Structure formats: structure tokens, C-alpha cells
Protein chains: 2
Amino acid sequence: MNTEQVITMLRKNGHKVTPQRIAICEAVLSNKEHPTAEIIFKKISKQHPTISMTTVYHTLDLLKKLELVHEINFDNRVTRYDSNVSVHVNVICQKCGKISDYESEAIQSQWNRIVSAIKIKPVGQRLDAYVICEDCKG
Amino acid sequence: MNTEQVITMLRKNGHKVTPQRIAICEAVLSNKEHPTAEIIFKKISKQHPTISMTTVYHTLDLLKKLELVHEINFDNRVTRYDSNVSVHVNVICQKCGKISDYESEAIQSQWNRIVSAIKIKPVGQRLDAYVICEDCKG
DNA sequence: ATTCTAATTTGTAATGATTACAGATTACTA
DNA sequence: TAGTAATCTGTAATCATTACAAATTAGAAT
Ligand SMILES: [Mn+2]
Ligand SMILES: [Mn+2]
Ligand SMILES: [Zn+2]
Ligand SMILES: [Zn+2]
């Protein structure tokens, strides 16, 4: 999802295209590390010194409604944003908190089998695997 | 996990057995609806009118460390406690918030396949499927 | 049974990510 | 170019959770 596509998506849904929105969308959609609102805010602040946290939150909510990002909540009470909205596994280190995405045909099809077994049609999913990563095992 | 087992588990790990702890453990371990700390607190308050929220939070943390419950965090910023610590799918209605557990040999084995495909050894997992439940479809 | 003490409980205050609000600004429309 | 609703911004409010310190108590030692 590049900038042109974001602009098209915003216009198509009747939203205005502002410099702040473009900056926030680019920042979050290109970041594969499940950033927090604050991380996005700090990244953007360099180019947009007057941007406010409120705008970041509003825009992330908008992206969530447009189904371009998913929220992931953790026990430290901060929300992280996942720009990968396909079926995938978040592999999360219990020590350092690092998150890696794993996505494959195999994962997709095993998940489909699970869903079939339960006889539901999910509108979304969250698949987390908690590990101690290699860096933290030492 | 009955009261006797809870007492044994506490003693084995060097924790004191108090009336408050017993009440909280019984309340959360018997509740399959993924209750919040406040729901536990209200339930207990009838029998233990002087119990405090702080004690509820401390005891739930203890149960988490003993691996008897898992925390599940949602976007409304309240933590829910899951007394089902085996591999299972939480089926969560996006409208009313109701959570149902699904657990089976099939789910277990599909998840094992996913884990194998990723080549990790998880210390835990969270599998959520988001749906609109029958009651909310009308 | 009584005493001792560290663990636990309790009430209250502090925390901090998120949301509400209202006034200033601005993207789009005509 | 002007008009207006949407958006942005700064500040205040929210509220689940955590920190803290004083009071209580479970369990060990005598
Ligand atoms: Mn992810
Ligand atoms: Mn569950
Ligand atoms: Zn790590
Ligand atoms: Zn429902």
C-alpha cells in the first residue's frame, strides 16, 4: 500500500487528504514492527513538528475502520498497530517484546481447518505465539 | 481445579493460604466467561465485604505466575482472565463481547502444525477468532 | 498456647495511555 | 474566492491499574 493507494482509499471513503494523514499512514503502513501510537508520533514529529498525539490516535482509528491496520493490545496497556491484516502468526518474545510476523499458505490452510472445525465464519483473527527469542535465551 | 488443589498449589509455591485468596481463586477458576478483575471483585464482595481491588489484582497476578490463568487484553483497555490455559480458540463477538472457548484434538493438532511450520517452541499462545454471534446477527 | 515476623491485605494516592472537548485551521466544493 | 464541514491541535478528563504505607494475619518457632 503506497501513498497513491492511501490517497485513493481515503477519497473513496469520503475522507479528506491532509498532510498529517498521509504522513501517519505512510509511517504505520510501512512499519512492520507493530509500532505504538507514540512511536508513530515521534517518527512523524521530525517532519511535522506541530502534529499532536490526538491526530495520531484519530488517524489510527480511521485506518482501523478502513481495515488497513489491526490493533493488538498487550498487558502493559499500550496498543500496538499491525499493518499486516492477513491471516498470520505474531511471534512475540516474552522478554524483550519483539514481534515477528509469520505468514504462509500452510498457516492459512491450518487456520482454515480450525475455523471449519469450530463451524464459524470469522470476520478477523489474532494468532499469537509467545516465545523466548534467540537474543534473549543467552 | 478445586479448592483443595488450589491450597496445595499455593503451599507448594510458598504462598500463604488466606480466605481472600481462596475466594478469589475459586471465583476466577470456576468462571468460564473470561471475567474482569471488577467482576471477580463484585462476586466476592458479597461474602467478603472488606475485600479490596488491590488484593484482587495481586491474587490474579499470582495465579498468572502460577500459570493457572492467562490474561487477555482487549481494546477497551480492560484485562480479562482466562482460566482455560490449554491450547484453545477464543471465539469473540465483535458486537456484544461474549467469549466462548473451543478446544479439541483437531484444534490442538492444527496449531501444532502451524508451530512446526514456523519452527518455534512457544511457551504460550493466544488464538482469537472474531465473529458476530447468532444473538447479534438479527 | 503464645509470641514473633514476614507476608498479605487494605485504603488511598499516583500513574499514564487514551479519549473528550472546544477553539483554530484547512481541504474541498461550488 | 468564499463558505463550510471536516480536521487538527492543545488541554483537561477519564479510569483501569499500580505504588505506597500502615494495619492485619498466617504460619513458624518457642
Ligand atoms: Mn503481526
Ligand atoms: Mn478462553
Ligand atoms: Zn527477546
Ligand atoms: Zn454477540
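Chain letters run A, B, ... following the sequence lines, proteins first and then strands; every chain starts at 1. Since this is a predicted model, take the numbers as computed values, not measurements.
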Listed nucleotide nearest any side-chain atom of B/Ile51, set C/dT10, C/dT8, C/dA27: C/dT10
By side-chain hydrogen bond (donor to acceptor under 3.5 Å, both in side chains), which residues pair with A/Asp128, not counting sequence neighbours? A/Asn90, A/Arg126, A/Tyr130
So, using side-chain hydrogen bond (donor to acceptor under 3.5 Å, both in side chains) as the criterion, who are the partners of A/Glu33 when residues are at least two apart? none
Listed pairs under 3.5 Å, donor-acceptor, residues 10-27 of chain A side chains, sequence neighbours left out:
{"from": "A/Thr18", "atom 1": "OG1", "to": "A/Arg21", "atom 2": "N", "distance (Å)": "3.1"}
{"from": "A/Arg21", "atom 1": "NH1", "to": "A/Lys16", "atom 2": "O", "distance (Å)": "2.9"}
{"from": "A/Glu26", "atom 1": "OE2", "to": "A/Thr3", "atom 2": "OG1", "distance (Å)": "2.2"}

Strand contacts (DNA chain C) in residues 63-71 of chain B, 4.0 angstrom heavy-atom criterion: none
Within residues 30-50 of chain A, residues whose heavy atoms come under 4.0 Å of DNA chain D: A/Thr50
Mind checking what makes side-chain contact (heavy atoms from CB on, under 4.5 Å) contact with B/Thr8, not counting sequence neighbours? none
Counterpart residues, side-chain contact (heavy atoms from CB on, under 4.5 Å), relative to B/Lys64 (two or more places apart): A/Asp75, B/Asp61, B/Val69, B/Glu71
Tell me, please, which residues at least two apart from B/Glu134 pass side-chain hydrogen bond (donor to acceptor under 3.5 Å, both in side chains). B/Lys137
Please enumerate all residues that pass side-chain contact (heavy atoms from CB on, under 4.5 Å) together with A/Val115, with sequence neighbours excluded. A/Trp111, A/Ile120, A/Pro122
Filtered N/O pairs between nucleotides 18-22 of chain D and protein, under 3.5 Å:
none

To the nearest 10°, let me know how far the axis at one end of the helix from C/dA1-D/dT30 to C/dA30-D/dT1 is tilted from the axis at the other, five pairs an end. 40°
Listed by chain and number, what are the side-chain hydrogen bond (donor to acceptor under 3.5 Å, both in side chains) partners of B/Ser83, not counting sequence neighbours? none
